[in-house]
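Shown next, in structure tokens, is the structure this report addresses.
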Amino acid sequence: MKEKLQGLWKKIFSSEHLSFKDLFFVSLVGIPGQLSSFLLYTMYLKYFTDVVGLKPQLVGVIFLVLSIWNMVNDPITGVWLDRMSYDPKKGKYVHIMRKVFPAIVIPAFGMIFVQGSWQNWVVITFLLVLMFIYETAHTAYSISNASYTILRVTTSEERVELSLITNYLANIFSFFITLIPLFLLVGETNDTLVTIALAGITLLNAGLYWFATGKIKDDPELYKNDMKNADAQLLEDLKHYAGDLFRSKGFWVTRLYSYIAPLGVSFYFTYFLYYMDHIVESTSTQAFIIDTTVGLLMFAVMPFIPSLHRKLGVKKAYLLALIPATIGFAILYFVNTIWGVFFVFAMIVISHGALSVIGGPIGGLIIDEDEQRSGVRKTGFFNSIGGLLVKPADGLRTLIFTTVLAFYGYDGTLKVQSPRAIEGLRVSSSVIPFMAMLLYIAAVLLLPYTKEVEEQIRDRALELRRGGDDESSTIINNPIQ
């Protein structure tokens with residue numbers, strides 16, 4: 001039995017370059033940033049509408065303005081990080097993450113204390129100032145984390161293994177965090193208790209930031225190619241970088257479906273909260289049992305995803321993972337029972353988990369492919385421009401969701417919603433996501449990364465990152481066509 005378990009473990013985690021411990025701590029440092037986004041775009045949304053009592057359209061406008069701010073913030077941050085040299089005493093990306101995380105946590109803590117009795121202009125000003133600080137720091141943390149991860153974890157196989165660990169960690173932490181909305185925002189609510197609980201989980205996440213960033217370190221060998229451009233002219237850099245970016249089909253396809261995904265599978269937990277609370281009218285315990293059970297089912301499926309990726313390649317595996325969620329959203333509109341919700345959300349959550357694991361290598365493939373074509377690694381630039389184009393998707397998603405609810409007359413302060421408001425919840429939680437999933441499939445079909453192309457990029461990346469200077473020169477002089 002022990003030998004069989006060891007064999008299964010080696011089959012899942014087959015990397016010879018990075019140990020499980022290495023992958024674990026690289027994965028862990030990204031978790032608090034994910035949890036911060038999850039808190040803001042999921043729990044805070046329902047907290048603002050149902051506990052504070054803000055109008056859905058007002059919340060939607062605030063999040064949209066925030067997304068516009070990111071269009072300015074993200075590229076500046078990305079280019080700044082790319083041009084920053086490695087400091088032998090301080091390091092680079094790890095140092096940045098350690099310095100900026102307090103500016104994520106403190107504004108998030110402050111948002112909890114917004115009052116529904118304030119005038120609209122006061123609410124908008126208060127939340128936007130805090131959100132601007134939050135997003136600026138969060139962008140620096142996220143780009144630094146993504147850049148460090150791509151440099152440290154080299155191959156698609158390792159990145160899938162990293163994604164698997166990340167998804168397990170994210171779902172374990174999310175399980176405990178989602179106890180707040182499941183028990184305090186579904187059914188009868190205690191506003192004071194909700195506020196205290198949300199403040200507590202925000203502070204616990206601050207502790208996770210501190211612990212995780214202390215477990216990784218910078219290595220000067222990772223930054224050999226990044227330091228080449230430290231003295232280059234900014235405008236000249238941007239001109240060449242933009243040309244390389246426009247030639248990357250993979251980049252633009254992923255940006256396309258990154259706008260579609262939030263309207264579908266990525267937003268599933270918010271749909272689940274509203275659906276359980278107002279359509280099925282479940283108790284907090286019922287919602288908790290369903291959420292926990294479907295999470296465990298996803299945990300049972302995820303270990304098989306790396307093998308699926310190795311067999312099919314990232315593109316075919318990604319398309320296969322989209323199917324259960326697409327079917328689930330098509331069915332959800334007609335569901336009125338607890339068992340129906342369980343069945344549908346099991347399909348959606350399993351898809352979400354599989355997509356999260358399989359999607360792990362794609363960002364790295366895009367950056368590796370560009371480096372092999374241009375001879376220059378532009379991790380921060382690609383991540384920041386990607387963020388610039390994707391961040392508005394979160395605000396747009398929230399605006400669409402809240403606008404549909406407002407159009408159908410949803411009022412979060414009412415215990416029982418009108419039949420028209422219930423119809424609006426069905427449309428926003430089923431019809432729109434189903435349409436988004438169909439577009440999602442169409443977009444993924446455009447991805448250029450067949451299994452053969454993926455393997456070619458992987459082999460060249462291995463030669464570049466783990467070879468010497470001679471190998472690097474060989475690759476730069478013989479780029480991918």
Side-chain angles (χ1 to χ4, degrees), residues 34 37-38 41-42 67 156 159-160 163 166-167 170-171 248-272 275 294 298 301-302 305 308-309 312-333 335 343-366 386-401 403-404 426-451 453-454:
Q34 292 183 29
S37 292
F38 180 78
Y41 287 98
T42 300
S67 69
S156 291
R159 288 166 182 165
V160 168
S163 293
T166 299
N167 276 274
N171 281 281
S248 175
K249 181 180 179 181
F251 177 85
W252 291 108
V253 171
T254 56
R255 293 318 93 189
L256 173 62
Y257 70 60
S258 292
Y259 263 85
I260 300 168
L263 291 171
V265 68
S266 298
F267 209 36
Y268 81 88
F269 189 72
T270 298
Y271 301 145
F272 177 75
Y275 215 89
V294 298
M298 180 180 66
V301 170
M302 283 199 302
I305 302 303
L308 184 68
H309 166 260
L312 300 178
V314 68
K315 182 176 179 177
K316 289 183 178 180
Y318 208 91
L319 285 167
L320 187 63
L322 285 167
I323 295 174
T326 306
I327 296 172
F329 280 120
I331 298 171
L332 183 59
Y333 182 88
V335 171
F343 175 74
V344 167
F345 276 97
M347 298 174 70
I348 294 170
V349 171
I350 288 172
S351 265
H352 181 264
L355 290 168
S356 299
V357 174
I358 297 167
I362 296 178
L365 282 172
I366 293 168
L388 180 153
L389 297 173
V390 171
K391 285 288 180 69
D394 289 325
L396 182 63
R397 168 197 68 185
T398 306
L399 181 64
I400 291 173
F401 183 73
T403 299
V404 171
R426 291 185 186 276
V427 170
S428 59
S429 301
S430 176
V431 177
I432 293 176
F434 172 67
M435 295 171 63
M437 294 304 295
L438 294 178
L439 293 173
Y440 199 166
I441 292 172
V444 173
L445 287 170
L446 299 175
L447 269 179
Y449 303 122
T450 62
K451 193 171 187 293
V453 171
E454 184 182 0

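This structure is a prediction, so every number in the text was calculated from the model and none was measured.
- The structure places CD1 of Ile331 at 11.5 Å from CZ of Phe329, a figure rounded to the nearest 0.5 Å.
- Other residues, nucleotides and ligands contribute at most 12 non-hydrogen atoms within 6.0 Å of the NZ atom of Lys316.
- For Ser356, the side-chain hydrogen bond (donor to acceptor under 3.5 Å, both in side chains) test picks out Asn167, with sequence neighbours left out.
- Between Ile305 and Ala354, the closest heavy-atom pair is CD1-CB, 3.8 Å.
- Closest heavy-atom contact between His309 and Ala317: CA-CB, 4.3 Å.
- Although no hydrogens or angles enter the test, the distance criterion places a donor-acceptor pair under 3.5 Å between the side chain of Arg426 and the main chain of Val335.
- The distance from atom CG of Leu446 to atom CD1 of Ile441, rounded to the nearest 0.5 Å, is 12.5 Å.
- Remark: side-chain polar atoms of Gln34 are not paired, donor with acceptor, to backbone N or O of Ala170 under 3.5 angstrom.
- Here the shortest heavy-atom pairing between Ser248 and Ile366 reads OG-CG2, 3.7 Å.
- Proximity of a side-chain donor or acceptor of Tyr275 to a complementary backbone N or O of Leu332 within less than 3.5 Å is detected.
- Between atom CG of residue Leu447 and atom CG of residue Leu319 there is a gap of 8.0 Å, rounded to the nearest 0.5 Å.
- A heavy-atom distance below 4.5 Å is not found between the side chains of Ile348 and Tyr271.
- The minimum heavy-atom distance between Ala321 and Ser351, with the atom names listed, is O-OG, 2.5 Å.
- Across Thr326 and Met437, no two heavy atoms sit closer than the pair OG1-CB, 3.5 Å.
- The CD1 atom of Ile362 sits 11.5 Å away from the CZ atom of Arg159 when rounded to the nearest 0.5 Å.
- The distance from atom OH of Tyr333 to atom OG of Ser429, rounded to the nearest 0.5 Å, is 11.5 Å.
- By the side-chain hydrogen bond (donor to acceptor under 3.5 Å, both in side chains) test, Lys315 pairs with no residue at all, sequence neighbours left out.
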Worksheet item: side-chain contact (heavy atoms from CB on, under 4.5 Å) between Val160 and Ile358: does it pass, once the steps are laid out?
Response: CA-CA 6 Å; Val160 168; Ile358 297 167; over 6 Å; no

Discussion item. Using the rule given for ring pair (Phe, Tyr, Trp, His ring centres under 6.0 Å), can you reason through Tyr318 versus Tyr257, listing the C-alpha separation, both sets of side-chain angles and the distance that settles it, and then say yes or no?
Written reply: CA-CA 12 Å; Tyr318 208 91; Tyr257 70 60; 5.6 Å; yes

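- Put simply, CG on Leu439 and CG on Leu256 are 8.5 Å apart, with the number rounded to the nearest 0.5 Å.
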